Number of protein chains: 2
Amino acid sequence: MKQVTEKFRFGIDIGGTGIKAGVVSTENQILGQAYVPTGAERSWQEVVPDIVHAAEEALKDAGEFMENCISVGIGCPGTIDAQTGTVVYSNNLNWQNVPLAQELHRTFTQPVFISNDANCAALGEVCAGAAKGFQNVFMLTLGTGVGSGIIINGRIFEGGGPGGAEFGHTLLVEDGELCTCGRRGCLESYASATALIRQAKRTAKQAPNSLLCTLCKGDLSRMDGRIPFQAARQGDEAGQRVIREYIKHLAAGIANAVNIFRPQAVLLSGGISKEGTYLTDPLTALVAEEVFGKKNSFLPQIRAAELGNTAGMIGAANLSQ
Amino acid sequence: MKQVTEKFRFGIDIGGTGIKAGVVSTENQILGQAYVPTGAERSWQEVVPDIVHAAEEALKDAGEFMENCISVGIGCPGTIDAQTGTVVYSNNLNWQNVPLAQELHRTFTQPVFISNDANCAALGEVCAGAAKGFQNVFMLTLGTGVGSGIIINGRIFEGGGPGGAEFGHTLLVEDGELCTCGRRGCLESYASATALIRQAKRTAKQAPNSLLCTLCKGDLSRMDGRIPFQAARQGDEAGQRVIREYIKHLAAGIANAVNIFRPQAVLLSGGISKEGTYLTDPLTALVAEEVFGKKNSFLPQIRAAELGNTAGMIGAANLSQ
């Protein structure tokens with residue numbers, strides 16, 4: 001057990017699979033952490049004690065004491081009402097109108113703050129990652145879906161009410177691909193890893209002799225988000241076509257965000273962001289051509305996020321009123 | 001001259017054609033006003049004295065005294081840097097990097113605030129018009145272009161830097177109609193009055209026997225934003241097709257805004273907004289079908305703006321740090 005204790009904040013990242021709890025110092029160092037499975041098949045009444053348990057384990061791991069805790073921050077997938085601390089709807093957790101802050105107040109006397117997990121990840125990157133020192137940041141998490149985290153003047157932008165800040169569900173292609181939200185043509189339905197894989201499969205099917213196809217070893221169900229990039233990097237025409245289209249769509253979505261938010265930085269996270277400059281260089285060029293005012297306007301840096309799976313914890317710990 | 005004077009704010013609305021100056025009470029009554037032509041063909045050094053002159057005339061009209069002035073607010077078309085009080089670029093005025101606040105401080109000792117004219121119009125409607133009492137409002141001005149004014153927590157959202165909050169330049173149709181900004185498929189290129197007229201002309205050309213065409217009296221250059229609505233209301237198939245498409249595009253743009261901002265109200269201004277519920281009823285239905293969370297989510301009221309050409313003055317008067 002560490003000898004010196006200090007003031008800290010809990011940052012808890014609830015996912016569909018696991019709950020990560022962190023004891024985060026005021027300098028954004030993770031002093032201790034713990035992981036428990038979410039067990040999302042259970043009712044929320046059963047999950048909440050495990051959130052508390054994860055926090056207690058993280059406290060032990062840090063050798064800290066509850067009386068040094070300043071606040072408890074929670075990042076949660078889905079539509080969150082940050083004002084009331086309610087999870088309005090979470091598909092991943094199968095939760096609806098869960099008064100999470102109120103429930104946690106049975107255990108914690110400290111202020112409890114809740115926000116969407118993508119928001120927390122963006123705030124984490126601003127506090128301690130790729131956007132450190134920036135006040136206005138737009139982050140897209142390119143995963144199963146497309147999550148957006150919008151930071152304005154150093155704080156999470158929640159929108160005027162629950163269901164705002166859902167940038168993944170803005171239009172790119174009228175009457176385009178069906179999105180998980182029921183609308184057609186959303187950014188999510190073109191820029192998620194799921195969308196990339198779908199398009200790569202389609203292209204591979206039409207080009208059975210391509211590297212894109214052969215990298216799947218004759219089984220297109222093996223297609224993942226890395227293979228089209230791998231094929232494209234090796235000069236495969238089919239792979240390059242898939243990546244060119246993917247980057248074009250992502251650039252269009254980022255240009256929309258720039259025209260609305262004019263952030264100092266655009267961050268990309270999720271597995272696809274690991275492609276680094278192979279992704280961000282063409283994005284940077286395309287976005288500069290598309291935005292209002294073009295190259296002469298105020299252009300953000302486009303870069304990969306840095307914190308990986310600790311971003312959510314650190315961001316959650318930094319939630320405030 | 002009125003006998004009783006009171007504290008007031010100047011609200012000045014600079015347009016491509018005219019400068020409107022208002023003496024606005026703290027209760028948002030216009031106590032006096034004046035209009036001078038902009039003379040935008042002149043240099044900004046020649047225009048600025050006329051802005052001051054318009055304010056002085058409005059002061060006389062109100063029977064007010066300069067010592068009662070709290071602040072000077074300016075609404076200006078184009079890209080504004082609200083922080084430095086600079087007009088970064090204004091196409092309508094042919095201005096570039098004009099230090100307007102600094103220039104006006106030669107005359108006014110009071111704080112001078114500057115924002116985009118569409119932002120000011122939205123703030124005006126929040127302070128004294130169709131969105132009175134609302135804190136989160138999204139307004140589209142459907143005119144030659146599509147201007148957007150975004151109010152978050154009762155204040156104008158300027159974006160993280162100049163060139164933000166340009167919602168008219170977000171994508172609706174990939175590789176679609178060429179927009180004035182140089183991009184293809186922006187909301188502006190489908191939802192402006194200019195776009196409506198363009199589409200109505202195209203449709204009328206293909207349907208020479210339609211009411212849409214005959215209302216132009218054989219001269220399609222007479223087409224305006226009212227004629228397609230007039231034809232549609234009278235059951236003309238060509239007119240209805242034009243309006244249906246127009247409303248579909250506008251609804252898609254509003255749904256995008258709702259998914260980002262979740263405002264309490266969406267306001268429409270400009271000539272087209274005078275179509276009232278013929279426009280807003282189908283928009284309301286379409287937006288509810290398209291937004292994230294659909295009908296069960298938090299849906300804004302969609303309504304026409306109320307203040308008309310005084311919105312800009314009243315909004316400008318309410319600008320603050």
Side-chain angles (χ1 to χ4, degrees), chain A residues 79 81 88-89 134-138 148 150-153 157-176 179-187 190 248-249 252-253 255-265 289-294 296-300, chain B residues 79 81 88-89 134-138 148 150-153 157-176 179-187 190 248-249 252-253 255-265 289-294 296-300:
Chain A
T79 302
D81 187 336
V88 178
Y89 176 70
F134 289 154
Q135 289 289 300
N136 294 290
V137 173
F138 179 80
S148 63
I150 302 163
I151 306 294
I152 298 176
N153 297 330
F157 169 67
E158 300 275 0
E166 284 287 353
F167 205 87
H169 300 287
T170 57
L171 206 72
L172 270 197
V173 180
E174 200 183 32
D175 301 321
C179 185
T180 54
C181 75
R183 196 180 187 192
R184 284 195 173 273
C186 289
L187 175 61
Y190 288 88
K248 181 188 166 187
H249 285 126
N256 285 344
V258 170
N259 284 352
I260 297 170
F261 295 106
R262 286 288 160 174
Q264 294 157 295
E289 279 170 32
E290 285 211 44
V291 294
F292 189 73
K294 309 284 182 223
N296 296 324
S297 70
F298 179 76
L299 291 169
Chain B
T79 303
D81 188 335
V88 178
Y89 176 70
F134 289 153
Q135 290 288 301
N136 294 288
V137 173
F138 179 80
S148 64
I150 302 162
I151 307 293
I152 299 176
N153 296 330
F157 169 67
E158 300 275 359
E166 284 286 355
F167 206 88
H169 300 286
T170 56
L171 207 71
L172 271 197
V173 181
E174 199 184 32
D175 301 321
C179 185
T180 53
C181 75
R183 198 180 186 192
R184 284 196 174 274
C186 290
L187 176 61
Y190 288 88
K248 181 188 165 186
H249 285 125
N256 285 345
V258 170
N259 284 352
I260 298 170
F261 295 107
R262 287 286 160 175
Q264 294 156 296
E289 279 170 32
E290 285 211 44
V291 294
F292 189 74
K294 310 284 181 218
N296 296 324
S297 70
F298 179 75
L299 290 169

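Source: prediction; values computed, not measured. The chains referred to below are lettered A, B, ... by the order of the sequence lines, with proteins before strands, and numbering in each begins at 1.
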If I measure from the heavy atoms of chain A, does [X] come under 4.5 Å with its side chain, its backbone, both, or neither?
{"X": "B:Val258", "answer": "backbone"}
{"X": "B:Ala257", "answer": "neither"}
{"X": "B:Asn256", "answer": "both"}
{"X": "B:Leu172", "answer": "both"}
{"X": "B:Thr79", "answer": "side chain"}
{"X": "B:Asn153", "answer": "neither"}
{"X": "B:Glu290", "answer": "both"}

Side chain B:Glu174, main chain B:Gly185, donor-acceptor under 3.5 Å
no
Quick one: does A:Arg183's side chain have a donor or acceptor within less than 3.5 Å of a partner on B:Ala252's backbone?
yes
Between [options], which has the largest tally of heavy atom pairs under 4.5 Å with chain B?
{"options": "A:Cys179, A:Pro162, A:Gly176", "result": "A:Pro162"}
{"options": "A:Phe167, A:Phe138, A:Phe157", "result": "A:Phe157"}
{"options": "A:Asp175, A:Val137, A:Ile150", "result": "A:Asp175"}
{"options": "A:Cys186, A:Ser297, A:Gly159, A:Gly161", "result": "A:Gly161"}

Return the option, out of [options], with the maximum number of heavy-atom pairs under 4.5 Å with chain A.
{"options": "B:Ala255, B:Pro300, B:Gly293", "result": "B:Ala255"}
{"options": "B:Ala165, B:Gly163, B:Gly253", "result": "B:Gly163"}
{"options": "B:Val173, B:Asn296, B:Ile151", "result": "B:Val173"}

Is there a side-chain contact between A:Thr170 and B:Thr170 in this structure, where contact means two heavy atoms from C-beta onward sitting under 4.5 Å apart?
no
Close side-chain approach of A:Phe261 to B:Ile260, heavy-atom, < 4.5 Å:
yes
Segment of A:Leu171 engaging chain B (4.5 angstrom heavy-atom cut-off)
both
Might you point out which heavy atoms bring A:Leu187 and A:His249 nearest each other, and give the distance in Å?
CD1-O, 4.1 Å
Minimal heavy-atom distance between B:Phe292 and B:Arg262, with the atoms involved, is O-NH2, 2.6 Å
Could you go through A:Val291 and B:His169, starting from their C-alpha distance and side-chain angles, then the distance that decides it, and tell me whether this counts as side-chain contact (heavy atoms from CB on, under 4.5 Å)?
CA-CA 8 Å; A:Val291 294; B:His169 300 286; over 6 Å; no
